[in-house]
Each structure stands twice: as C-alpha cells, then as structure tokens.
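Source: prediction; values computed, not measured. Worth knowing before you read on, the calculation uses all heavy atoms, side chains too, and leaves out hydrogens, waters and symmetry mates. Each chain gets a letter, A, B and so on, in the order the sequences are listed, and its residues count up from 1.
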2 protein chains.
Amino acid sequence: MWMGRETGCGSEHLIGPADGGRVPAANREGQASRMTHPEAGHQEAPPRRQVPARRRQAGSAIERACVARGLKMTGQRRVIARVLSEALDHPDVEEVYRRAARLDSRISIATVYRTVRLLEEKGILERRDFGGGRARYEPSEHGHHYHLIDVDTGRVIEFSEGGQEALLQAIAERLGFTIVSVRLELFGRRNVPERDEAERPGGNK
Amino acid sequence: MWMGRETGCGSEHLIGPADGGRVPAANREGQASRMTHPEAGHQEAPPRRQVPARRRQAGSAIERACVARGLKMTGQRRVIARVLSEALDHPDVEEVYRRAARLDSRISIATVYRTVRLLEEKGILERRDFGGGRARYEPSEHGHHYHLIDVDTGRVIEFSEGGQEALLQAIAERLGFTIVSVRLELFGRRNVPERDEAERPGGNK
DNA sequence: TTAAGTGCAAATACTTTGCTGAATC
DNA sequence: GATTCAGCAAAGTATTTGCACTTAA
C-alpha cells in the first residue's frame with residue numbers, strides 16, 4: 001500500500017542549477033553520502049493543467065487558508081501563496097522569491113522569508129530540509145507523505161506508506177510519547193538494471 | 001523488536017541552555033511545531049562509566065578509526081575524537097568545541113569544523129539535523145537507529161526498529177532505488193498519564 | 001484610521017577558507 | 001623534510017530584524 005509521486009523534474013536531466021543558484025560554501029547536508037544536487041530541476045506552475053479559471057478568482061488554496069485564518073492578504077502574500085500552491089516541488093526561499101518576483105517584481109526576499117515563516121507557524125506550510133543548507137517548503141495540505149531523495153541528482157520523490165503510520169505511532173507510544181509529526185527520508189541511488197553500474201552521474205569519487 | 005536508548009539528559013529538567021548557548025535568530029527547525037529546546041541538556045563523558053584505562057591508551061574508538069583510515073593524528077584531532085567518542089548525545093560543533101577546549105585549550109573552532117567535516121566524509125561521523133539550525137554529530141558506529149525528539153524539551157531518544165529496515169528497503173526497491181541512508185525522526189510530545197495535560201513545559205503558546 | 005505588512009539595508013548565526021606558521025609521519 | 005594541519009581572521013551564505021513608509025481592513 002504505497003503510492004509514489006515524483007516531484008522533481010519529470011525526466012532525468014536534472015543536473016544543472018536551473019538558475020543562478022548558490023552552491024559554494026554551505027554545500028553540506030545531513031547524510032554520510034554527499035548530495036551534490038539538492039533537488040535540482042525546479043518545477044513550478046503545473047505544466048499545462050492550470051487551476052480552472054473560476055476557482056482562480058477565489059485565490060489559491062493557500063490564499064484561502066490564509067483568509068480562513070484571518071491573515072491580512074496583501075498583494076505580495078497573494079502572489080507567494082499562489083506560487084506555493086502551484087509548486088509541484090519543494091522550493092527553497094530563494095526559489096519561491098524568484099518565482100514570485102516573476103509575477104510581481106514588488107516583492108522582496110525579506111517578505112518571502114517572513115511570509116513563509118508565518119505560514120509555517122499557522123500550519124499552512126511545512127518546512128523541509130533535504131540538505132544543502134536551505135529550508136524548503138511545501139503546503140501542509142499535500143497530506144502525509146515521506147520523501148526519497150536521489151543522492152546523485154537531488155531529485156525528490158514523494159511516497160506514502162499506510163502501514164507505517166500505525167507502526168510509528170506504536171513505537172512512540174511504547175516510549176511514552178504521542179507523535180506530533182514524522183520526518184522520514186530515504187536517501188538512495190537509482191538502480192541501473194540495464195547497463196552495469198560504475199558510470200553514475202555524481203559517482204562516489 | 002525495538003529498543004530505546006535515551007541520549008539526552010537522564011532526567012527531565014533539560015530546559016536551560018546548559019551553557020552560554022546562542023538562541024536568537026536561527027531559532028527554527030524542520031517541523032510544524034516549533035521546537036524550543038533543540039536537545040537541551042548536554043551530556044558529554046559517561047557519568048562514571050568511563051572507558052577502561054587500558055583501552056584509553058590506544059585512543060578513543062574514533063581515533064582508532066582515524067588511524068585505520070590513515071589520517072594524520074594531531075593532538076587536536078585526538079581530543080576531538082575523544083570528545084565525540086565519549087559523547088552520549090548529539091553535540092553540535094559549538095558544543096564539541098566547548099568540550100574539546102576544556103581538555104585542550106589550543107583548539108580553535110575552525111579546527112573542529114574541519115575535523116568534524118573530515119570525519120563525516122570518511123564515514124566515521126554522521127551529521128544530524130534536529131532543527132535549531134545547527135548540525136549535530138554522532139559516531140557512525142553507534143549502529144542504525146532513529147530518533148524521537150521531544151518537541152517540548154528538545155530531548156532526543158534513540159530507538160531502533162528491526163522490521164523497519166526491510167520495509168523501507170522494499171519501498172525504495174519499488175521506486176527503483178537502493179537506499180544509501182535513512183533519516184527517520186519522530187517529533188512527539190510526552191504522554192502525561194497521571195495529571196491531565198494543559199501544563200506542559202514549553203506549552204504551545 | 002490604525003494595526004499590520006513591506007523594502008531596504010544592516011545585523012546574526014553558522015560555516016568555510018586563505019594564508020602563514022607548526023606538527024606529523 | 002615534505003606534506004598535511006592548525007590558528008586567526010576575513011569571507012560566505014542563509015535568515016532575521018530595525019525603521020520609516022505603505023496598505024489592508
């Protein structure tokens with residue numbers, strides 16, 4: 001009982017920075033194997049399956065969530081909300097800023113940081129850390145799921161696993177805790193069934 | 001099939017910074033619920049159950065691992081290795097530095113950063129991120145295990161779950177990947193069976 | 001109108017690095 | 001004795017914040 005949803009670029013050529021991304025110093029993540037491309041290949045607005053025009057008038061899903069929580073909706077927030085609602089990947093702040101600025105240049109990075117933080121506090125967004133030193137965000141409403149990160153390309157694949165929930169809850173229970181949230185990330189390497197290995201993208205040195 | 005090993009302070013009073021810790025700005029972590037105390041309460045050398053004197057002469061476990069890998073052993077590295085070998089918690093760089101400096105004041109924070117990074121690359125240490133913006137380290141040889149973080153106190157409890165491994169491997173397999181490493185962290189709240197709740201340490205606002 | 005949001009730039013916090021002197025193998 | 005390492009301070013990168021101005025409700 002599982003279901004995978006790919007969130008990086010649809011294809012395999014996700015190596016490049018895809019934009020003037022920073023990489024120098026803070027090029028570390030959280031696992032033993034260094035991940036060279038923290039979710040390279042961005043994917044913003046749905047390729048062609050945009051939200052029906054009618055629903056657009058009511059704003060993005062996240063915008064509605066903001067309104068529901070009584071947040072003041074400024075133009076900037078509306079744009080940021082839309083960018084995040086339409087994102088199929090897990091953009092970092094810099095990327096959210098880039099996409100938002102494309103829609104409305106009156107937005108500053110500081111506002112993106114502030115907004116994203118506010119939305120996280122309100123439970124509308126969830127912060128993720130797939131290494132690379134930058135925080136990434138995704139709408140909470142995406143439902144519970146976990147991530148599989150391709151250590152060679154940085155691509156992130158989401159998956160959910162029904163049985164897991166209960167098991168984890170049981171473990172926490174035994175330790176005397178109630179789970180507030182779960183972070184399950186698999187860092188893996190793509191299997192190469194056809195040709196034999198030894199020719200991997202990021203090759204382990 | 002599970003086994004829990006508590007790694008934070010043994011007791012419950014782990015609120016204080018335990019030392020001149022920084023807290024201001026970078027006070028964010030990775031989950032919806034804000035964790036106010038990123039593993040507060042440090043625990044360095046084993047309270048009283050120190051490594052037998054004989055084994056000490058051969059250096060700490062980590063030192064031996066370094067030698068085995070042909071690393072040049074300087075006094076600083078030896079001290080840092082010892083601090084990490086004897087740590088029962090997951091100290092961040094600043095904390096490793098503090099403990100190391102206590103044993104040998106000729107150590108600079110830059111060296112700690114360099115050493116810790118080197119050891120991670122060599123597979124001797126593993127970097128962890130429990131939120132709070134600082135990387136934490138623990139010896140790889142501690143074996144595979146996961147973490148349960150108390151969102152109220154920041155205490156970290158390690159646990160392992162045999163069945164898990166196979167299941168995760170199966171999931172990765174279905175997605176066409178081979179697992180390189182796993183990150184499973186449960187963020188939870190301690191159950192209060194006796195008195196009713198509403199009076200929690202960090203209280204949610 | 002008024003509290004809340006925004007831009008900008010400066011400030012923080014964590015981490016890396018260039019360079020020179022020092023220590024290891 | 002050559003190569004690698006350490007210290008120091010400066011540079012980077014990610015994120016937050018003070019302040020004056022703007023805007024939503």
Query raised in the report: For the residue pair H147(A) and F130(A), is the inter-centroid distance of their aromatic rings smaller than 6.0 Å?
Result: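 Yes, ring centres under 6.0 Å apart.
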
To the nearest Å, give me how far apart [atom1] ([X]) and [atom2] ([N]) are.
{"X": "R117(B)", "N": "dT16(C)", "atom1": "CZ", "atom2": "C1'", "answer": "7 Å"}
{"X": "D129(B)", "N": "dT15(C)", "atom1": "CG", "atom2": "C1'", "answer": "14 Å"}
{"X": "L118(B)", "N": "dT24(C)", "atom1": "CG", "atom2": "P", "answer": "17 Å"}
{"X": "R69(A)", "N": "dA4(C)", "atom1": "CZ", "atom2": "P", "answer": "19 Å"}
{"X": "I109(A)", "N": "dT17(D)", "atom1": "CD1", "atom2": "C1'", "answer": "15 Å"}
{"X": "D104(B)", "N": "dC5(D)", "atom1": "CG", "atom2": "C1'", "answer": "14 Å"}
{"X": "Y97(B)", "N": "dT16(C)", "atom1": "OH", "atom2": "C1'", "answer": "16 Å"}

Query - Selection from dT15(C), dA6(D), dC8(D) that lies nearest to any side-chain heavy atom of A135(B) - result: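 Looking only at side-chain atoms, A135(B) lies closest to dT15(C).
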
**Report entry** First encountered from the 5' end of DNA chain D, between V93(A) and T111(B)
**Finding:**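 The answer here is T111(B).
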
Taking [X] for the side chain and [Y] for the main chain, is one N or O donor matched with an acceptor at less than 3.5 Å?
{"X": "T178(A)", "Y": "N191(B)", "result": "no"}
{"X": "R155(B)", "Y": "I149(B)", "result": "no"}
{"X": "R69(B)", "Y": "K122(B)", "result": "yes"}

**Report entry** Closest contact, heavy atoms only, S85(A) versus A61(A)
**Finding:**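 For S85(A) and A61(A), the tightest heavy-atom pair comes out as OG-N, 3.5 Å.
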
What does the list of N/O pairs under 3.5 Å between the protein and nucleotides 20-25 of chain D look like, with a distance for each?
unit_1, atom_1, unit_2, atom_2, d
dA25(D), OP1, M73(A), N, 3.2

Query raised in the report: For R78(B), what residues pass the side-chain hydrogen bond (donor to acceptor under 3.5 Å, both in side chains) criterion, not counting sequence neighbours?
Result: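 Testing R78(B) for side-chain hydrogen bond (donor to acceptor under 3.5 Å, both in side chains), a comparison that skips the adjacent residues, returns E63(B).
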
Query raised in the report: Just checking I107(A): base, sugar-phosphate only, or nothing, at a heavy-atom cut-off of under 4.0 Å?
Result: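 Since only primed, P, OP1 and OP2 atoms lie under 4.0 Å of I107(A), the category is sugar-phosphate.
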
Report task. Compare side-chain N and O positions of Y113(A) against OP1 and OP2 of dT15(D) and report whether any pair is under 4.0 Å apart. Result ->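 The answer is yes; a side-chain N or O of Y113(A) sits under 4.0 Å from OP1 or OP2.
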
Query - Phosphate OP1/OP2 of dA6(D) contacted by R114(B) side-chain N/O (<4.0 Å) - result: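 Indeed not, no polar side-chain atom of R114(B) lies that close.
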
**Report entry** Salt bridge D129(B)-R128(A), side-chain N to carboxylate O under 4.0 Å
**Finding:**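 No.
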
